[in-house]
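A quick write-up on the structure given underneath.
If you're wondering where the values come from, they're calculated on a predicted model, not measured in any experiment. These numbers come from the heavy atoms of this one structure, side chains and all, not from hydrogens, waters or symmetry mates.
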Amino acid sequence: MPRAPAPVTPPVVLTIAGSDSGGGAGIQADLKTIEAGGAFGTSAITSVTAQNTTGVRGSHLLPVDDIEAQIRAVREDFDVAAVKTGMLATSDVIDLVAAETPLPNLVVDPVMVATSGDRLLEPEAEAAYERLLADAALVTPNADEAEVLTGRDIDDPSDAEAAGRDIVEMGADAALVKGGHVPGDEVVDVLVTDDSVTTFRHERVDTEATHGSGCTLSSAIATRLAHGDDLRDAVAAGIDLLARAVRYNLDVGEGPGAVHHAVETRNEAARHETSEAVERVVSALVDRDVSPLVPEVGMTVAGATPYAETPAEVAAVEGRITRTLDGVRPNRGVRFGAGGTVAQFLLAAREHDPALRYAVNCRLTDGVEDALRDLAGTVSGYDPSERPDDVTREATTAWGVAGSVVLLAADAATLIHRVETVLTGVE
């Protein structure tokens with residue numbers, strides 16, 4: 001008997017941009033990000049580029065009539081909830097898009113220069129952008145693009161705010177002046193509207209793998225607007241996604257890699273697998289009866305999702321594992337956000353080795369300290385006067401702190417083996 005269909009109706013986002021044969025930016029990045037954000041991506045391709053992670057080899061602009069036909073075909077059939085623009089290349093294409101207004105939730109990413117430094121916009125087309133900006137819900141220039149649009153030098157957040165105000169005066173509802181190209185330990189993005197200024201700060205990731213960052217951010221924001229988020233929340237969600245996408249970038253190609261467009265979706269999908277792995281570790285410790293290793297405060301087993309950044313993305317035993325007359329027993333089940341200090345240790349260790357995903361705290365006795373020497377990897381000390389997120393010393397196997405030690409591993413099986421090795425050394 002045929003099954004009944006169960007269709008869903010996601011919001012539709014239209015991207016008008018160029019194609020990147022390398023897959024990291026342009027239409028390809030837009031559609032990946034839109035899909036990962038739970039919307040349905042449609043597209044109008046403005047140009048076809050021959051590029052990869054090392055640079056742009058060539059570019060072919062499609063006829064304006066063909067671009068217009070794509071936009072019309074999408075808008076005639078789909079209830080488009082948001083539109084974002086990327087590489088428009090010429091004043092004729094910019095004028096075409098401007099003539100299509102009003103476009104719902106229009107996010108304009110004024111793509112002028114590729115991450116590799118290659119020029120993607122004809123100089124005479126720069127002036128045409130002012131006509132398009134007047135219809136934008138949001139404009140997302142980086143510092144270099146904001147300088148072109150406003151004629152200002154941008155060296156700090158106050159300059160970014162001034163440039164944002166200039167762009168709003170051009171008619172845009174809001175401007176997000178991005179700080180990725182401004183030197184400093186932090187990336188500072190400034191959102192300017194008619195009546196507010198909001199600053200977003202993230203620690204800079206020491207990487208050149210930022211290909212597709214602008215496309216991914218503007219697409220993520222457009223997707224959240226299509227879902228009905230207000231502007232500030234949509235921008236905040238997009239910036240958080242991009243910060244994670246840059247840290248856990250995709251190491252592909254011979255040049256700098258691309259940002260990880262689906263990083264949040266992949267991370268969310270791994271929650272169940274992570275929680276089950278923690279439960280397997282707990283069962284193994286109960287079966288092995290690790291009573292000699294349980295600290296007075298109890299034992300915590302914790303597991304981080306692959307791209308975890310916060311304690312809420314670390315699954316752990318709620319209430320800890322304690323000693324009983326019959327061995328060790330967990331007080332409660334496993335849930336995310338219950339890891340406490342051990343979760344913070346794990347996240348701190350991941351700053352040095354992001355492959356580390358699992359941790360358990362044990363009593364630190366002379367016997368345990370001797371047994372640690374049988375473990376492969378680095379064992380580091382930890383000053384209890386420091387917070388776990390202040391740790392700067394690398395540790396790939398264990399951290400010692402205030403009478404206990406935190407064992408670390410990239411997978412659950414290795415963590416179980418390390419606990420058994422230490423236990424064997426003290427029995």
Side-chain angles (χ1 to χ4, degrees), residues 16 82-88 91 94-95 97-98 101-113 115 120-121 123-204 210 213-225 229-243:
I16 307 171
V83 178
K84 66 89 49 178
T85 67
M87 177 180 169
L88 301 180
S91 55
I94 296 172
D95 289 340
V97 177
T101 54
L103 293 169
N105 290 315
L106 175 60
V107 177
V108 175
D109 184 16
V111 178
M112 299 174 177
V113 181
T115 303
L120 297 176
L121 183 72
E124 60 269 22
E126 293 170 358
Y129 256 113
E130 190 166 339
R131 296 188 289 276
L132 181 60
L133 301 191
D135 297 302
L138 178 68
V139 186
T140 62
N142 59 34
D144 298 333
E145 292 158 349
E147 287 180 349
V148 172
L149 290 171
T150 66
R152 292 181 179 272
D153 292 331
I154 299 178
D155 298 314
D156 56 42
S158 62
D159 295 335
E161 179 181 338
R165 293 189 186 281
D166 289 346
I167 294 171
V168 170
E169 288 177 4
M170 294 177 190
D173 292 343
L176 177 67
V177 182
K178 299 174 293 190
H181 292 187
V182 178
D185 292 336
E186 288 186 316
V187 175
V188 182
D189 302 314
V190 181
L191 174 64
V192 180
T193 68
D194 270 333
D195 55 8
S196 67
V197 177
T198 306
T199 300
F200 302 88
R201 296 176 182 271
H202 280 89
E203 290 182 322
R204 189 178 299 275
T210 58
S213 56
C215 307
T216 300
L217 176 59
S218 56
S219 294
I221 294 171
T223 300
R224 292 317 314 166
L225 292 174
D229 289 10
D230 67 30
L231 179 64
R232 188 189 179 286
D233 288 346
V235 169
I239 289 173
D240 285 345
L241 181 148
L242 183 61

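A 4.5 Å side-chain heavy-atom check between Val97 and Leu103 finds at least one atom pair inside the cut-off. By the 4.5 Å heavy-atom criterion applied to side chains, Pro157 and Thr199 are not counted as neighbours. With contacts defined as side-chain heavy-atom distances shorter than 4.5 Å, the pair Val139/Leu132 does not qualify.
For the 3.5 Å distance criterion, the side chains of His202 and Asp240 qualify, holding a donor opposite an acceptor. Checked by atom type, the side-chain pair Thr216/Ser219 shows no donor-acceptor distance below 3.5 Å.
Of the inter-residue distances, the one linking Leu149 atom CG with Glu130 atom CD reads 9.0 Å to the nearest 0.5 angstrom. In this structure, NZ on Lys178 lies 4.5 Å from OG1 on Thr140, to the nearest 0.5 angstrom.
With respect to Leu176, the side-chain contact (heavy atoms from CB on, under 4.5 Å) criterion is satisfied by exactly one of Leu217, Leu231, Asp109: Leu217. Among the candidates Thr150, Leu138, Val192, the single residue satisfying the side-chain contact (heavy atoms from CB on, under 4.5 Å) test with Ile167 is Thr150.
When the side-chain contact (heavy atoms from CB on, under 4.5 Å) test is applied to Ala137, the partners found at least two apart in sequence or on another chain are Asp173. In this view, Arg201 and Glu186 satisfy the side chain to side chain donor-acceptor pair (under 3.5 Å) rule, not counting sequence neighbours.
Of all the heavy atoms in Ala146 and Ile154, the pair that sits closest is CB-CD1, 3.4 Å. Shown here for Ala234 and Ile221, the closest heavy-atom pair between the two residues is O-CG1, 3.8 Å.
Between the side chain of Thr193 and the backbone N or O of Ser196, at least one donor-acceptor pair lies under 3.5 Å.
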